[in-house]
Number of protein chains: 2
Amino acid sequence: MSRAEQKERTRRAIINAAFSQLSADKSFASLSLREVAREAGIAPTSFYRHFADMDELGLTLVDEAGLMLRQLMRQARQRIEKNGSVIRTSVETFMEFVTGNSNVFRLLLRERSGTSAAFRSAVAREIQHFVAELAEYLRKETICPDELARAQAEAMVTLVFHTGADALDAPASQYAYLTSRTVTQLRWLAHGAASYGRKPKEQGSL
Amino acid sequence: MSRAEQKERTRRAIINAAFSQLSADKSFASLSLREVAREAGIAPTSFYRHFADMDELGLTLVDEAGLMLRQLMRQARQRIEKNGSVIRTSVETFMEFVTGNSNVFRLLLRERSGTSAAFRSAVAREIQHFVAELAEYLRKETICPDELARAQAEAMVTLVFHTGADALDAPASQYAYLTSRTVTQLRWLAHGAASYGRKPKEQGSL
DNA sequence: CCGTTTAGCTTACAACTGTTCGCTCATTCT
DNA sequence: AGAATGAGCGAACAGTTGTAAGCTAAACGG
């Protein structure tokens, strides 16, 4: 086995060890370099041959998580073409991602408001891809000015993300309810934005 | 000074020390018993005379934070009566809370998806008060069935909370924009829910 | 006024943490 | 073939952590 090949292999072992240690009651911040190294099957000091820092490893994990998110978006688009219902299909796809890769989602969810500014902005950047893509879609589909499309997309992503977070602590029997509740919320938003977008000044007592 | 009085006093010193050590780059999980005790001016072991655990202290902090939230709600109601615009006044009041008590808000924000199930459900409970109260208001104001009022309230609280989180990392010059963006989003929701609530079945391609 | 209670202290320990240093030894380059 | 590189290791160090045991002294209750 070539040297570079072997190096890449233990690098992956480290990354996988880190991912696998994340759980409902263990965040990235509570991982220790030594524990990760132990599970990766290397000596603690060998860790430094691959990452300068735990932070550097963390940023790598966030990048990989973001990658999975983008793959998810592509997958959602395919399903939409065959299925029709944009909102429901998107929400269902996202919920499958959350329940199937809960540790990955948890990483994004926690580090989005975590203690490292670098992590926070890395996560924010990944989510922005989501928002930007959705906003572009809305701008094409509806006849909405740029700024409103973006605000609408942000609200939608926020609601879907939040539902994912709820699902992490809810029993599987609740998934269907959570999904359809979110679908309803997104439809409200879409409908409200479409008919209300042109007259954003006070209307009614709200 | 009475004994009970003195005990209560150092108990508060502990709580205050903990709150004051929270910051953008220090979460509750990264506080150490010793550090807290040091800032409170007591020996590490004396901590146990007041709390069995760091977890017990944490739950106390979450309770206090929830109390502040409820006070905030009362304050918002007063301002609404004098001001009229429900949504804008509510969002502005909340943003003042976030910027004025950022450590308290950060605690709720982080522990909502933190590593302790007890913390998570404690925070969720506090937020439910928010949602329930808003839902009741919506049910009275609009002519909306229970379930929809609740879903609407949840979406609104989610969006406002998320905006608070954004504000924590944004420069103060962005506050006005964040606020009005959120106001717009909430109005969309309200409008969409009002006109769309009666026909939740597929409408349009979304 | 004397015995009990108890907040707070000091000392101590065992378990971990991240990181430095120097070594081995298989792969790579010349 | 011979020199250089670099991934991985073991030992060691200086910090920190939570927590246990036992003491002191001041407030308390009878």
Side-chain angles (χ1 to χ4, degrees), chain A residues 1-23 25-62 107 110-111 114-119, chain B residues 1-23 25-62 107 110-111 114-119:
Chain A
M1 185 174 348
S2 98
R3 191 128 84 167
E5 188 180 357
Q6 171 60 25
K7 176 161 186 177
E8 184 55 27
R9 188 173 295 211
T10 83
R11 185 188 147 94
R12 281 243 59 92
I14 294 175
I15 293 175
N16 291 340
F19 265 129
S20 95
Q21 293 196 359
L22 295 179
S23 74
D25 24 52
K26 203 142 194 174
S27 71
F28 179 80
S30 59
L31 295 188
S32 86
L33 184 152
R34 290 177 106 104
E35 262 184 295
V36 171
R38 203 176 307 139
E39 178 159 339
I42 61 175
T45 53
S46 302
F47 178 94
Y48 294 106
R49 301 284 183 200
H50 303 269
F51 301 96
D53 228 48
M54 276 297 273
D55 283 6
E56 199 173 297
L57 170 60
L59 289 176
T60 304
L61 296 192
V62 171
L107 178 76
R110 286 175 172 155
E111 299 311 325
T115 57
S116 154
F119 284 27
Chain B
M1 185 175 347
S2 102
R3 191 129 83 169
E5 188 181 356
Q6 170 60 24
K7 176 161 187 178
E8 184 55 28
R9 186 173 296 207
T10 83
R11 185 189 147 93
R12 281 243 59 91
I14 294 175
I15 293 175
N16 292 339
F19 265 127
S20 95
Q21 294 196 357
L22 295 177
S23 74
D25 25 50
K26 203 143 195 174
S27 72
F28 180 79
S30 59
L31 295 188
S32 86
L33 185 152
R34 289 178 108 104
E35 261 186 297
V36 171
R38 204 176 304 139
E39 178 160 340
I42 61 175
T45 53
S46 301
F47 178 93
Y48 294 105
R49 303 283 184 201
H50 303 271
F51 300 96
D53 229 43
M54 276 297 273
D55 283 7
E56 199 173 298
L57 170 60
L59 288 176
T60 304
L61 296 191
V62 171
L107 178 76
R110 286 173 172 158
E111 298 311 325
T115 57
S116 154
F119 283 26

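In the text below, chain A, chain B and the rest are named by the order of the sequence lines, each starting its count at 1.
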Atom [atom1] of [X] and atom [atom2] of [N]: how far apart are they, to the nearest Å?
{"X": "A:I42", "N": "D:dG6", "atom1": "CD1", "atom2": "P", "answer": "18 Å"}
{"X": "B:R9", "N": "D:dA27", "atom1": "CZ", "atom2": "P", "answer": "13 Å"}
{"X": "A:E5", "N": "D:dA7", "atom1": "CD", "atom2": "P", "answer": "15 Å"}
{"X": "B:F47", "N": "C:dT6", "atom1": "CZ", "atom2": "C1'", "answer": "18 Å"}
{"X": "A:E56", "N": "C:dT19", "atom1": "CD", "atom2": "C1'", "answer": "16 Å"}
{"X": "A:E8", "N": "C:dT27", "atom1": "CD", "atom2": "P", "answer": "18 Å"}
{"X": "A:R49", "N": "C:dC23", "atom1": "CZ", "atom2": "C1'", "answer": "11 Å"}
{"X": "A:F51", "N": "D:dA7", "atom1": "CZ", "atom2": "C1'", "answer": "14 Å"}

Assess whether one donor atom and one acceptor atom, taken from the side chain of [X] and the base of [N], lie less than 3.5 Å apart.
{"X": "B:R3", "N": "C:dT5", "result": "yes"}
{"X": "A:T45", "N": "D:dG8", "result": "no"}
{"X": "A:R34", "N": "C:dG18", "result": "yes"}

OP1 or OP2 of [N] under 4.0 Å from side-chain N/O of [X]:
{"X": "A:Q6", "N": "D:dG8", "value": "yes"}
{"X": "A:T10", "N": "D:dG8", "value": "yes"}
{"X": "B:R38", "N": "D:dT17", "value": "yes"}
{"X": "B:S46", "N": "C:dC9", "value": "yes"}

Please report the interatomic distance OG1(A:T115) to CZ(B:F28), rounded to the nearest 0.5 Å.
14.5 Å
Distance (rounded to the nearest 0.5 Å) between A:M54 CE and A:L31 CG
5.0 Å
Looking only at side-chain atoms of A:Y48, point me to the closest of C:dT20, C:dG8, D:dG8.
C:dT20
Which nucleotide sits closest to the side chain of A:E35: C:dT17, C:dT19, C:dG8?
C:dT17
Side chain to side chain, A:L33 and A:L57, heavy atoms closer than 4.5 Å:
no
Do the side chains of B:L61 and B:F119 get nearer than 4.5 Å, heavy atoms only?
no
For residues 16-23 of chain A, please give each side-chain donor-acceptor pair under 3.5 Å, one per line with the distance, not counting sequence neighbours.
unit_1 : atom_1 : unit_2 : atom_2 : d
A:N16  : ND2    : A:R12  : O      : 3.3
A:S20  : OG     : A:A17  : O      : 3.3
A:S20  : OG     : A:E39  : OE2    : 2.5
A:Q21  : NE2    : A:E35  : O      : 3.3
A:Q21  : NE2    : A:E39  : OE1    : 2.9
A:S23  : OG     : A:D25  : N      : 3.3
A:S23  : OG     : A:D25  : OD1    : 3.3
A:S23  : OG     : A:K26  : N      : 3.3

Hey, which of these two, A:G41 or B:L33, hits DNA chain D nearer its 5' end, going by closest nucleotide?
A:G41
At under 4.0 Å between heavy atoms, what does A:S2 touch on the DNA or RNA strands: base, sugar-phosphate, or nothing?
sugar-phosphate
